[in-house]
Amino acid sequence: MAFSVSPARFQSASQTLFFSKSSQYSIPLHSLSTNLNPNLSFILSSRIPKFGPLPATVFDSSTTPFGETNVEVHDASTLREICEGHVPEHILRRAEEVGYVMPTGVQRQALPVLFSGRDCLLHAQTGSGKTLAYLLLIFSTVNTQRSAVQALIVVPTRELGMQVTKVARMLAARPMESDRKPCTVMALLDGGTLRRHKSWLKAEPPTMVVATIPSLCQMVEKHIFKLEALQVLVIDEVDFMFNSSKQVSSLRKLLTSYSSCNDRQTIFASASIPQHRRFLHDCIQQKWTKSDVVHVHVNPIDPMPSCLQHRFVLCPKDQRQQMLLLLLHSDAPKSAIIFVAEQSEKSKKAGDVPPTTSLLDFLKSSLGDCSDILHLEEDMNFNSRAASLSEVRQGGSYLLISTDIAARGVDLPETTHIYNFDLPRTVVDYLHRTGRTGRRPFSDEKCFVTSIITPEERFVLQRYENELMFICEELTIQLNKV
Ligand SMILES: Nc1ncnc2c1ncn2[C@@H]1O[C@H](COP(=O)(O)OP(=O)(O)OP(=O)(O)O)[C@@H](O)[C@H]1O
């Protein structure tokens, strides 16, 4: 199959949307599984009426005649074939050395669009390789001989920022003999020592910055970080960022006041973009993107990796720890993440032990005090959070007990099992938690997602099943076996 992108057409609306001043894309979505067919490319017209319907046009990418931004990528094309002429040779060599030889679906579809200079909404399954897609675009665009920040990647958490920085630096590493300046990558993340970053930015600005919003704004507001030379702006986990009341106003400023969409290429990425049509409409209206922004939506009818097997087990709330223990004994997972709800403010004020800590204590006392049971939550200090993740990354097997802080973007490809000790609050949270497993793009290895629920929660899970279109199999485990 060939993938083609045609320029925006001025056709009448196939979908009617109405302008909204709100930029919160929080309503639970049917749009995770939209009415689009797989392999459709959704391209917007540039004619946006002031307060009217959005003239959106849907093209079947396999049948649309080619236009001026024609690209043709065959299923058998290697990553090198797609990137050659755009991405520097030493980056391509490095990518191959670390095992990025064939493109994933989203890379195959998005890279030609990205190389054509269009703004883009990268909308594809968790673990599908969106990070590499936007990093390759950045490497194709920046000029490392220039002393200016030319690419900015905004992420919601320090953990995701460290991960993206690591991949970017790993790809950017130049051979020793090279006399050209390497692409330098700065991590401007919450919890870091900004004094060091200030001197770095003043002395020799890095080519690429990976930042969380609070640290970034601090630097931009003090005019230490200048965005004039910005060529690529990536907002990763975009729906999460727009839904965060702490981040949304700064994000809007970044998109409009601090830099202009005409001077940069703007990429939004996520596995979940609720109400994506309205979001695209707002992007154009608010001038966050240019009007010919492209929506690359990969596998819209199958928003989760197909290697996942979803299961649930019914259990009274006060016996979930024992149930989890039985599940761990019967599954014997190589590596697992156990998701626990965040501690409520009321419970914090009452001085209760955080749920992650009490589960950690229970598992350590039941399974033996083994060091490969770790935990991660917002209220831990940044060093402890980093230590937990780096221990998990050191390989071997692990059990990570975490709140939803580990649910977005964190890449732990060894994870084979996810346990929802507490049911996720929304369907989007279910999607991202489950997406922490099944993260080997070319593997068929079965991975398991198990929710421990009360009978009253069954209908909530059923709603998630309907919205995400998966089937959850019931496990029957007798608690008195403990
Ligand atoms: N072309 C490729 N070949 C082999 N592995 C790849 C390729 N591209 C990405 N990967 C691997 O796939 C995994 C998932 O990639 P990545 O973290 O970019 O996913 P994502 O789409 O950003 O997921 P999420 O939506 O959860 O953030 C990583 O371990 C990465 O190294």
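Bear in mind that the values here come from a model prediction, so they are computed numbers and not experimental data. We count ligands from 1, going down the list as the structure has it; atoms in each ligand are counted the same way. All values below were derived from every heavy atom in this structure, side-chain atoms included, with hydrogens, water molecules and symmetry-related copies excluded.
The part of Arg436 lying near ligand 1 is the side chain, judged by heavy-atom distances below 4.0 Å. Proximity of His432 to ligand 1, defined as any heavy-atom pair under 4.0 Å, is not found for any part of the residue. Using a 4.0 Å cut-off between heavy atoms, Arg408 makes no contact with ligand 1 at all.
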Verify side chain to side chain donor-acceptor pair (under 3.5 Å) between Arg436 and Thr415, making sure each step is shown before the conclusion. CA-CA 7 Å; Arg436 294 320 100 202; Thr415 307; over 6 Å; no
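Here the shortest heavy-atom distance to atom 12 (O) of ligand 1, taken over Ala271, Ala407, Pro441, belongs to Pro441. Ranked by closest heavy atom to atom 13 (C) of ligand 1, the top entry among Arg440, Arg439, Arg108 is Arg439. Of the options Pro103, Gly127, Gly438, the smallest heavy-atom separation from atom 23 (O) of ligand 1 is shown by Gly127.
Distances between N or O atoms of Gln163 and those of ligand 1 include no value under 3.5 Å. Polar contact with ligand 1: present for Asp411 (N/O pair, distance under 3.5 Å). Distances between N or O atoms of Leu132 and those of ligand 1 include no value under 3.5 Å. Here's the thing with Pro413: none of its N/O atoms is less than 3.5 angstrom from an N/O atom of ligand 1. Residue Gly435 places no N or O, backbone or side chain, under 3.5 Å from any N or O of ligand 1.
Relative orientation of the Phe268 and Phe279 rings is perpendicular, given thresholds of 30° and 60° on the angle between their planes. Ring geometry, His297 versus His276: the interplanar angle exceeds 60°, so the pair is classed perpendicular (tilted spans 30 to 60°).
Pro355 is linked by a side-chain contact (heavy atoms from CB on, under 4.5 Å) to Val340, Gln343, counting only residues two or more places apart in sequence or in another chain.
Taking OH of Tyr430 as the start and CD of Glu467 as the end, the distance is 13.0 Å to the nearest 0.5 Å.
By the 4.0 Å N-to-carboxylate-O rule, Arg158 lies too far from Glu378 to be salt-bridged with it. Glu81 and Arg108 are not joined by a salt bridge, as no carboxylate oxygen comes within less than 4.0 angstrom of a charged side-chain nitrogen.
Atom 18 (O) of ligand 1 has its closest protein heavy atom at Thr131 OG1, 2.7 Å.
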